[in-house]
**Q** 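One structure, as structure tokens, below. Some questions next.
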Amino acid sequence: MEFDKIDVPDEGEPIEVIDEEADEFEVPETPIIPILHGDGIGTDVGPAAQQVLEAAANATGRDIAWMRVYAGETAREMYDENLPDDTVNAIEEFRVAIKGPLTTPVGAGFRSLNVALRQKLDFYANVRPTYHLDGVPSPVSEPEQMDMVTFRENTEDVYAGIEWEEGTDEVEQVREFVEDEMGFDETIHSGPVGIGVKPITEYGSKRLIRRAIDYALEHDRDSVTLVHKGNIMKFTEGQFRDWGYEVAREEYGDEVITEDTLWEERDGQQPDDAVVVNDRIADNMLQQVLTRTDEYDVLATMNLNGDYISDACGAQIGGLGIAPGANFGDARCLAEPVHGSAPKYAGQDKVNPTAMILSGVLMFDYMGWGDAAQLVKDAVEETISSKQVTYDLERQIEGGDKLATSEFAEAVVENIEQLA
Ligand code: NAP
């Protein structure tokens with residue numbers, strides 16, 4: 001493939017797909033991996049994560065041929081556009097990539113580049129694991145109880161971008177249609193209005209929920225919880241729940257059991273190797289993650305609920321500086337931290353790169369580099385538990401040693417070399 005302004009590294013090889021639908025591929029010893037450092041603090045955490053991940057690859061007998069790609073501010077300078085084809089094509093071609101945060105203006109201005117990337121390349125599942133690392137301070141008394149993985153649908157819901165601005169002809173046309181044709185004549189207040197559409201499809205819901213159940217089965221998890229606000233939004237969020245139960249009942253045989261069947265037929269006794277599928281209303285779920293943390297394992301959510309819940313879970317295990325994530329499609333992975341570009345800290349060599357480093361752990365796991373993934377995790381844990389931390393954790397730890405972003409990355413690399 002030809003790229004306009006970026007070069008494919010000579011020394012690496014592409015990851016080769018064997019079966020796209022079955023998520024099967026072959027990873028060479030030195031894969032080409034596109035990396036996008038991102039906006040704001042992306043310029044700090046991007047290089048730090050790159051250094052740590054490369055050290056772990058080297059320590060396990062491999063290498064990475066990084067291919068720098070650009071979006072947001074850096075792309076505007078280089079290409080005069082926000083999301084150049086070069087970037088989308090490189091991530092599409094090389095299958096596995098990692099990115100830092102990208103800034104999205106609130107209200108007016110361009111639409112989210114993150115959402116555009118996820119939609120363009122059909123990264124339909126945003127996976128956000130939240131687990132506690134030894135030594136990380138937390139606002140709750142037993143943070144080790146938190147061990148959940150949120151599977152957030154990534155392409156639909158109110159995030160789909162189908163919305164109309166107040167004062168436009170389009171929004172007035174939609175208002176007229178809703179009032180006159182659909183009969184909601186006294187529902188929208190008169191005067192200026194903005195209107196958005198919330199599509200939730202069977203296709204989008206079921207493939208996300210399948211992915212969550214498959215993960216629970218593969219990783220020996222006890223339950224998958226469908227999170228929704230279906231009591232109010234019956235035909236979107238309620239339908240998501242119903243499609244989830246359909247998948248659970250029709251596609252997995254004895255491996256998956258629904259919560260009502262568990263009580264009706266088995267007096268609440270869960271078979272050892274089965275996954276239970278249950279559901280919770282989203283507002284209740286936000287308190288359940290705090291009050292009954294250890295009762296939940298894997299959450300399957302629509303786009304907006306997943307965004308909120310995963311941040312709330314992240315707060316319990318050390319905050320956004322720690323929380324990793326990755327987007328998955330068929331035989332495709334784009335790792336990215338949960339946090340944004342925190343512009344006020346940009347370029348200060350201050351923030352915590354752990355979230356982006358641990359996003360790389362998800363990427364390594366997906367590539368079948370489990371040993372390198374474990375090494376990174378252990379080295380991060382070792383660094384933090386010896387109280388060598390960035391500002392966000394140092395302010396909560398007595399006697400903590402406050403490190404810059406780059407110093408923290410170096411400390412993790414030293415631990416990788418010692419633990420390897
Ligand atoms: P944010 O950038 O995540 O920052 C919010 C706060 O979280 C920071 O002020 C800081 O808290 C803490 N934080 C975030 N990352 C941290 C890190 N690596 N280390 C330590 N602390 C960290 O959220 P935002 O201010 O709402 O959003 C800023 C921009 O990012 C917006 O343009 C938004 O659209 C974008 N965004 C992008 C993505 C993405 O690219 N996937 C995701 C979310 C938001 P303290 O100041 O309290 O220390």
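Computed from a prediction, not measured in an experiment: that's the story for all the values here. When a ligand or atom number is given, it counts from 1 through the structure's own listing order.
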**Q** Would a search of protein heavy atoms around atom 14 (C) of ligand 1 find one under 4.0 Å away?
**A** yes

**Q** Which option wins on minimum heavy-atom distance to atom 2 (O) of ligand 1: A342, G42, P343, S112?
**A** A342

**Q** Any heavy-atom pair between the side chains of L419 and L375 that's under 4.5 Å?
**A** yes

**Q** Among all protein heavy atoms, pick out the one at the shortest distance from atom 9 (O) of ligand 1; state its residue, atom name and that distance to 0.1 Å.
**A** K344 CE, 3.5 Å

**Q** Taking atom CD of Q348 as the centre, does the number of heavy atoms from other residues, nucleotides or ligands within less than 6.0 Å exceed 12?
**A** yes

**Q** Does a donor on one side chain and an acceptor on the other come within less than 3.5 Å for D349 and S406?
**A** yes

**Q** Centroid separation under 6.0 Å, is that true for the rings of Y391 and F408?
**A** no

**Q** Give the single entry among V45, T390, L320 that approaches atom 7 (O) of ligand 1 most closely by any heavy atom.
**A** L320

**Q** Can you pull out the closest protein heavy atom to atom 29 (C) of ligand 1? Residue, atom name and distance to 0.1 Å, please.
**A** S341 OG, 3.2 Å

**Q** Do E156 and T201 have a side chain donor and acceptor closer than 3.5 Å?
**A** yes

**Q** Students should be able to answer this: which protein heavy-atom is nearest to atom 47 (O) of ligand 1, and at what distance?
**A** R395 NH2, 3.5 Å

**Q** Is there a heavy atom of V338 sitting under 4.0 angstrom from any atom of ligand 1?
**A** yes

**Q** Among the heavy atoms of K350, does any lie under 4.0 Å from an atom of ligand 1?
**A** no

**Q** Should we say atom OH of Y252 is surrounded by more than 12 heavy atoms from elsewhere, each under 6.0 Å from it?
**A** yes

**Q** Taking it one step at a time, do E20 and R95 satisfy salt bridge (Lys or Arg N to Asp or Glu O under 4.0 Å)?
**A** CA-CA 10 Å; E20 179 154 325; R95 296 275 164 184; 3.2 Å; yes

**Q** If every non-hydrogen atom of P34 is compared with every non-hydrogen atom of V69, which pair is closest and at what distance?
**A** CB-CG1, 4.1 Å

**Q** I'd like to check whether Y391 has a polar contact with ligand 1, where a contact means an N/O of the residue lying under 3.5 Å from an N/O of the ligand.
**A** yes

**Q** Under 4.0 angstrom from atom 26 (O) of ligand 1, is there any protein heavy atom?
**A** no

**Q** Which of the atoms in ligand 1, numbered in the order shown and given with their element, are less than 4.0 Å from a heavy-atom of K99?
**A** 40 (O)

**Q** Look up atom 41 (N) of ligand 1 and tell me if a protein heavy atom lies less than 4.0 Å from it?
**A** yes

**Q** Look at atom 31 (C) of ligand 1 and find which of I322, L117, T104 reaches it with the closest heavy atom.
**A** T104

**Q** Can you tell me which residue and heavy atom of the protein come closest to atom 46 (O) of ligand 1, and the distance to 0.1 Å?
**A** Y345 OH, 2.7 Å

**Q** Return yes when atom CD of E24 has more than 12 non-hydrogen atoms of other residues, nucleotides or ligands closer than 6.0 Å, and no otherwise.
**A** yes

**Q** Using a strict cut-off of 4.0 Å, indicate which atoms of ligand 1 neighbour a heavy atom of T103.
**A** 32 (O)

**Q** What is the minimum heavy-atom distance between E259 and N278, and which atoms define it?
**A** OE1-CB, 3.3 Å

**Q** Under 4.0 Å, heavy atoms only, figure out whether ligand 1 is touched by the backbone of E336, its side chain, both or neither.
**A** side chain

**Q** Closest non-hydrogen protein atom to atom 36 (N) of ligand 1, residue and atom name please, with distance?
**A** G340 CA, 3.3 Å

**Q** Quick check: P101 and ligand 1, any N/O pair under 3.5 Å apart?
**A** no

**Q** Return yes or no for this condition: an N or O of L102 is under 3.5 Å from an N or O of ligand 1.
**A** yes

**Q** Which protein heavy atom lies closest to atom 18 (N) of ligand 1, and at what distance to 0.1 Å?
**A** N352 O, 2.9 Å

**Q** Can a non-hydrogen atom of M356 be found less than 4.0 Å from any atom of ligand 1?
**A** no

**Q** Could you tell me whether the side chain of K234 and the main chain of N231 form a donor-acceptor pair under 3.5 Å?
**A** yes

**Q** Identify which one of R152, K198, R118 satisfies the salt bridge (charged side-chain N to carboxylate O under 4.0 Å, His left out) criterion when paired with D157.
**A** K198

**Q** Of the protein's non-hydrogen atoms, which lies at the shortest distance from atom 39 (C) of ligand 1, and what is that distance?
**A** N114 ND2, 3.2 Å

**Q** What are the atoms of ligand 1, with element, lying closer than 4.0 Å to any heavy atom of I41?
**A** 15 (N), 18 (N)

**Q** Find all atoms of ligand 1 within a distance of less than 4.0 Å from any non-hydrogen atom belonging to D392, and give their numbers and elements.
**A** 20 (C)

**Q** If you compare all heavy atoms of D39 against all heavy atoms of T74, which two are closest, and at what distance to 0.1 Å?
**A** OD1-N, 4.4 Å

**Q** Please say whether more than 12 non-hydrogen atoms of neighbouring residues, nucleotides or ligands are located less than 6.0 Å from CD in Q396.
**A** yes

